[in-house]
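Note that the structure is predicted; figures quoted are calculated from it, not measured. Sequence lines set the chain letters: A, B, ... in the order given, protein chains first and strands last, and positions in each chain run from 1.
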Amino acid sequence: MPLATPGGTKANVSPANLIDQPSDDTLVSRAVTISRSPEELYRFWRDFSNLAQIMDDIERIEVIDPVRSHWVVKGPGGKDVEWDSLVTEDVANRRIAWKAAEGAEIQNSGWVEFREGPEGRGTEVHALIAYDAPGGLFGRLIAKALQHEPNTQARRELRRFKQLMETGEVTTSEGPRGGKHAKKES
Amino acid sequence: MRALTWHGKHDVRVETVDDPKILRPRDIIIKVTSTAICGSDLHIYDSFIPSMLPGDILGHEFMGEVVEIGSGGSKDLKIGDRVVVPFNIACGNCRPCTTGQFSGCDNSNPADKADLSEVAYGHAVSGIFGYSHMTGGYAGGQAEYVRVPYSDVGPMKVPEGLSDEQVLFLSDIFPTGWMAAENCMIEAGDTVAVWGCGPVGQFAIRSAFLQGAAKVIAIDHHANRLALAAQAGAEVLNYHDVKVREALMEMTGGRGPDSCIDAVGMESHGFSPDNVIDAAKAAVRLATDRTHVLREVIMACRKGGHVSVPGVYGGITDKFPVGAFMEKGITMKTGQTHTQKYMTKLLGMVVEGKIDPTFVISHRLPLEQAAEGYKMFKDQQDEVTKVVLKTDWKEAA
């Protein structure tokens, strides 16, 4: 939905990129272009159990039914954080929106859209995630501790999504090192 | 295995580390036979490159033998094949790769490492072997073995009958010099001026002639390096002897060179995303003669000419002559080399005898003495143009 502001901005800009934020939620927005069709990208994303391959700290994702999935994430101090997520919108090959079920420790909602890019440019994937941090600053700090810095997390996840979809692999540079990391005697 | 690791400023060591493993289907493992120390490795040696961690294995110019192939590895490669590996890593699938802009690969920098350059440059840069965590944190090739990701894209098979030394520089400096000349858009009758007669400058000089330059003028202060440039047919200027801009104007009948190549680069790279202040400080501290080269290149270039910058820059500079750049209508092209785009063509030129890349080698050492190689290269730039390291020294001797 193109945005129109009193200042004259008229463009398809995410609310996360507005100077005056529309609510107290922490909004995280990110776009990435992937050389794959919207259909392929939607298909991968719609099976939420696939997302463990691209997300940090996922213990497990259980798909319960087409609407409900159960998420278990490694939290600080080894304590798992769990919640149910509900699909609120599902437009095939185009858009998926979700919302944490009532009672989740971190209220979060979001959507991802798969938009056909200009000629030869593949698919533009746009995502918006909103974290509601009850308890003001303190709650927000907890949310950040649990979710890392939300912007960082979103950009890493979308980078891995692109890597996996385009190359078939999630890129890694793990490898041998010297110094105190030098050869482990086995 | 044995590998050259970085521990701090002017502290590199050969030590025993774990062998690399296949981690992804498209990986291969190479047993390195020859590897070289690059001028840009000296930037790390001098501690100008941030996001280095103690224990990092250096080296991005290397070649060797395929010893292990992942389940999804290249169908064209077999165990035992000799390959030369491009210094930068490219996936072959993203739009930059499919349009030939391999050094802009979107996918070869791991997701967590890519944050560093996205913050510093606005976009994440691609992966490079053995060249800090900003470019991916990959273990480098100054080692007995290396893991090479996306092996179906980068490594190029070496035809029989060619020695390591004839093809090793296809990994970086020959394509880099070639692209530097290509970015000059050379036309018949052109004069190309090259600042810096290190290995990249040397290949840029030869590439400019191969691409049809009528005259190449090379600028440096090391007599041996100038002599090497003169051997290629360049007219050479020692900037300790002459006023460079005035001499260039005279040598081009007052027009100025049609193209100018900055093969010096600048070490003033305070681009740590954690500390923007560092960046500013580093730029100020080092904005001396090295910034001077880029300024001089722009000032010397003829109206409507081309400025090509293969020299490595990483940070921020001030005193950029933006007026000269705009008012003279200069075109400037730069970037890390799209190595994969040039390797096959340049290999062909080596096979045809149009160029013998071994001219640049001044010293050969066993990998075990790599630390001495760094010190020599740093301290004796006049005599030392290129150090090649061999993993099997007995065989090489």
Tell me, yes or no, whether the heavy-atom count around B:K157 atom NZ, taken from other residues, nucleotides or ligands under 6.0 Å, exceeds 12. yes

B:L53 vs A:R177 side-chain heavy atoms within contact, under 4.5 Å: yes

Sorted by chain and number, sequence neighbours left out, side-chain hydrogen bond (donor to acceptor under 3.5 Å, both in side chains) with A:S85 holds for none

Tell me, out of B:P25, B:C91, B:A139, who's got the most heavy-atom pairs with chain A below 4.5 Å. B:P25

Just jot down the side-chain contact (heavy atoms from CB on, under 4.5 Å) partners of A:T5, sequence neighbours excluded, or say none. A:L3, A:T9

Under 4.5 Å from any heavy atom of chain A - which part of B:A114: both

Of the non-hydrogen atoms in A:P176 and B:D19, which two are nearest, and what is the gap between them? CG-C, 4.4 Å

Return the CG to OG distance between B:D112 and A:S173, rounded to the nearest 0.5 Å. 7.0 Å

Go through the atoms of B:P54 and report whether side chain, backbone, both or neither lie under 4.5 Å from a heavy atom of chain A. backbone

Distance from B:N93 atom CG to A:I34 atom CD1, nearest 0.5 Å? 12.5 Å

Engaged part of A:S35 at the chain B interface, taking heavy atoms whose separation is under 4.5 Å: side chain

State, to 0.1 Å, how close A:R160 and B:A111 come at their nearest heavy-atom pair, and which atoms those are. CG-CB, 3.6 Å

Using a 6.0 Å cut-off, check whether atom CD of A:E174 has over 12 heavy atoms from anything other than its own residue. no

Using the side-chain contact (heavy atoms from CB on, under 4.5 Å) criterion, which residues pair with A:R94? Sequence neighbours excluded. A:V91, A:E113, A:R115

Contact check, side chains of A:T171 and B:P149, non-hydrogen atoms, under 4.5 Å: no

For B:R24 and A:G168, indicate whether the former's side chain and the latter's backbone hold a donor-acceptor pair under 3.5 Å. no

Contacting moiety of B:Y145, where chain A heavy atoms sit under 4.5 Å: neither

Between the main-chain N or O of B:R26 and the side-chain N or O of A:E169, is there a donor-acceptor pair closer than 3.5 Å? yes

So B:R147 and A:T172, do their side chains get closer than 4.5 Å, heavy atoms only? yes

For the candidates A:R36, A:K180, A:R121, which exhibits the highest count of non-hydrogen atom pairs separated by less than 4.5 Å from chain B? A:R121

Which of A:K162, A:R159, A:Q163 passes side chain to side chain donor-acceptor pair (under 3.5 Å) with B:D106? Answer is A:K162

With a strict 4.5 Å heavy-atom criterion, list every residue of residues 62-71 of chain A that contacts chain B, or say none. none

Taking atom CD as the centre, does A:E116 end up with more than 12 heavy-atom neighbours from other residues, nucleotides or ligands that are less than 6.0 angstrom away? no

